[in-house]
Amino acid sequence: MTTQHQTLALLLFSAFIATTLAITTWVSRNRHGSAEEFYVGGRLFSPMENGFAIAGDYMSAASFLGISGLIALFGYDGMLYSVGFLVAWLVVLLLVAELVRNCGRFTLADVVAARMSERPVRIAVGSSSVTVSVLYLVAQMVGAGSLVSLLLGGDSGAAQAWTVIGVGALMVVYVTLGGMRATTWIQIIKTVLLMAGSILLTVLVLVRFHGNFNALLDSAANHSGHGKSFLAPGLKYGADWTSRFDFISLGLALVLGTAGLPHILSRFYTVPTARAARRSVVWSIGLIGGFYLMTIVLGFGAAALVGTAEVRASNPAGNTAVPLLALEVGGGAGSTGGTVLFAVVAAVAFATILAVVAGITLASSASVAHDLYASLKRRHARQYSEVAVARVAAAGIGAMAIALGLLAKDLNVAFLVGLAFAVAASANLPVLLYSLFWRNFTTRGAVWAVYGGLIPAVALVVLSPIVSGSPASLFPDVDFQFFPLENPGLVSIPLGFLAGWLGTVTSAEPPDAARHAETEVRSLTGAGAV
C-alpha cells in the first residue's frame with residue numbers, strides 16, 4: 001500500500017480509538033461500581049440501542065472480512081457461511097431470547113443454575129463460556145493482524161504481531177474501565193459505521209455492473225480461475241466424502257452455535273424487560289439480515305473486480321478481500337478515491353474488531369468472576385469483589401487471546417469463528433435447552449452435558465487437520481492428526497446432548513419439580529425476573 005493509504009487509514013484508526021477511549025473514560029467517571037452496572041450497564045438500554053449493540057456483537061471481523069474472503073475464494077461454498085450465520089439468528093429469536101432474559105441475571109450459568117445445584121453447574125458452564133470466548137477472540141485478533149499487515153505492505157509480520165498485541169491491550173482498557181455501558185456504545189457506533197460502509201461498497205459494486213447481479217456472478221466466475229464451477233456447490237466442500245461431512249458439521253455448528261454464545265446471550269440482560277429483549281432481537285435481525293445479504297455481493301464483487309488469484313496472493317485465507325475491493329471500486333491503486341475508500345473500509349473493519357473483542361472479553365470476564373470465582377471462593381461473594389476479579393480476568397483473557405492470535409495468524413477468521421460456534425453448540429446449547437424445556441433434567445445431567453460437549457469438541461479440534469498434519473496447519477512440521485474433519489460439530493454436538501441425557505437418567509438425584517415449575521413460569525411470563 002502507498003504512504004497515502006497508510007497515513008489516511010492510520011488517522012481514521014486513531015480517530016475511532018480516541019472516540020471510543022473518550023466514551024470509556026466518560027462512562028468510568030459516571031458509574032458506581034456495582035456488578036449490575038459493570039456486567040449489564042444497569043439494564044438501562046432501549047430495545048433499539050440494544051438491537052444495534054447485538055447486531056454489532058454478531059457482525060464481527062469474521063463476517064466482514066472472513067465470509068467475503070471465503071466467497072471470493074470459493075464462490076458458492078463460501079456463501080454458505082452467510083446463510084448459516086443468518087439462519088442461526090432465527091434460532092436465537094424463536095428459542096432462547098425471551099426465556100434467557102427472564103431466567104438469568106448476568107450470565108448463561110444463571111439460567112442453568114436456577115433449578116440446579118449452583119456450584120458444579122456454574123463451574124462447568126463458566127469454564128465452557130471462557131473457552132468459547134477465547135476461541136472467538138482469536139478470530140478477531142487474526143482479522144486485525146491481517147488488516148494492518150495489508151495496510152503496511154502485505155507481508156509485515158512484525159506489524160501483524162504488534163497489531164494483535166495492541167488490540168488486546170485496548171480491549172482490556174475498554175472492559176476494565178467502562179464495563180458494559182462503554183462496550184455497548186462502542187458497539188452501536190461500530191454498527192452504524194459498518195452498515196454505512198457495507199451499503200456504500202455494495203452500491204458501488206452493483207453500479208459497476210449496472211445493477212445486473214447475473215453479470216456480477218458471470219464476471220466473478222470468469223475471474224475466479226474455476227469457471228462455472230465457482231457458482232456451483234463442491235469447490236471447497238464437495239471434493240470427497242470427508243469434505244461433504246465437514247460441510248454438514250459446519251452447518252450444524254453455525255446454525256446451533258449462536259444460541260450458546262456467551263457474549264450474545266449476555267446482551268439480553270442489558271434491557272429492563274423480556275419484552276424489550278424480544279424487540280431488541282427484532283431490531284437486530286433486520287440489521288443482520290441486510291448485512292449478510294451484502295456480504296454476498298462483496299464476496300462475489302471481490303472475485304469479479306479484484307480476482308480470486310489476487311485476493312489469495314494478498315492473504316491466503318482471503319481476509320483482505322474487502323479492503324482490496326474498496327481500493328478497486330474507489331478508482332484503483334494510486335487514485336484519490338481508491339485511497340480514501342480503502343482507508344475508510346480498513347478503519348471500519350478495525351472498528352468492528354475492537355468493538356467485538358470488547359464485548360467478548362466482558363462476557364468471558366463476567367463468567368470468570370460471577371460463575372467461577374463466586375463458586376470456588378465464596379458462596380456469596382460480594383458484588384464489588386466480583387467486579388475487581390472481572391477486571392483482572394479481562395487482562396488474563398486478553399493475554400491468552402493475544403498469544404493464540406499470534407499462533408493462528410494465517411487461518412481464515414470466518415473459519416476460526418466456526419470452531420467457536422461448534423464448541424458453543426456442543427457445550428452450551430444442550431445444557432441451555434435441557435434446562436429450559438426438560439422437566440426431569442438434573443444437576444448431574446447439566447454438568448455432563450457441558451463437559452460431554454466441551455471436551456470432545458476441543459479434543460477433536462486438537463486432533464484435526466487444523467492443528468497438525470498439513471502445510472496450512474498451526475503446526476505444519478508435526479502430525480498428530482487423527483480426526484479427518486476440520487469442524488468437530490457433527491460429532492461433538494450430538495455427544496453433548498447424549499451426555500446430558502445419560503447424566504440425567506443415571507442420576508440418583510430426583511428432579512426438583514417445584515424448582516422446574518418456578519423456572520418454567522418465570523421463563524414464560526417474566527414473573528420474578530430481575
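Residue numbers run from 1 in the order of the sequence given.
- The one candidate from Thr202, Val203, Leu201 that meets the side-chain contact (heavy atoms from CB on, under 4.5 Å) condition with Ile199 is Val203.
- Two residues are said to be in side-chain contact when any heavy atoms from C-beta on lie closer than 4.5 Å; Phe213 and Val297 meet this criterion.
- With Ser219 contributing its side chain and Ala215 its backbone, the two residues share no donor-acceptor pair below 3.5 Å.
- The only member of Leu194, Val192, Leu193 that meets side-chain contact (heavy atoms from CB on, under 4.5 Å) when paired with Lys190 is Leu194.
- What you find for Thr131 and Val423 is that their closest heavy atoms are CG2-CG1, 4.4 Å.
- Side chain of Thr308 to backbone of Ala303: no donor-acceptor contact under 3.5 angstrom is found.
- Using a 4.5 Å heavy-atom threshold, the side chains of Ile67 and Tyr292 count as touching.
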Fill in: Step-by-step side chain to side chain contact (heavy atoms under 4.5 Å, CB included) determination, Phe300 to Leu231
CA-CA 10 Å; Phe300 283 116; Leu231 306 178; 3.8 Å; yes
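- For the pair Phe209/Leu305, a side-chain contact is recorded, criterion being any heavy-atom separation below 4.5 Å from C-beta on.
- Listed here is the closest heavy atom pair of Ala424 and Leu261: CB-CD2, 3.9 Å.
- Ser314 places a side-chain heavy atom less than 4.5 Å from the side chain of Leu324.
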Practice prompt. Tell me, with the steps shown, if Leu341 and Leu204 meet side chain to side chain contact (heavy atoms under 4.5 Å, CB included).
Written response: CA-CA 11 Å; Leu341 195 56; Leu204 289 175; 3.6 Å; yes
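- A donor-acceptor contact under 3.5 angstrom links the side chains of Thr184 and Arg267, judged on distance only.
- Counting only heavy atoms from C-beta outward, the side chains of Tyr58 and Thr258 approach each other to under 4.5 Å.
- Between the side chain of Thr191 and the main chain of Phe52, a donor-acceptor pair closer than 3.5 Å is present.
- Annotation for Phe247: atom CZ does not count as buried by contact number, only 12 or fewer foreign heavy atoms lying within 6.0 Å.
- Residues Phe45 and Arg181 meet the side-chain proximity criterion, which asks for heavy atoms closer than 4.5 Å.
- When side chains are defined from C-beta on, Pro262 does not count as touching Leu108, because their heavy atoms never get closer than 4.5 Å.
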Worksheet item: Please walk me through it: do Leu80 and Asp77 pass side chain to side chain contact (heavy atoms under 4.5 Å, CB included)?
Response: CA-CA 5 Å; Leu80 296 172; Asp77 281 10; 4.2 Å; yes
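- The closest side-chain heavy-atom distance from His223 to Glu310 is not below 4.5 Å.
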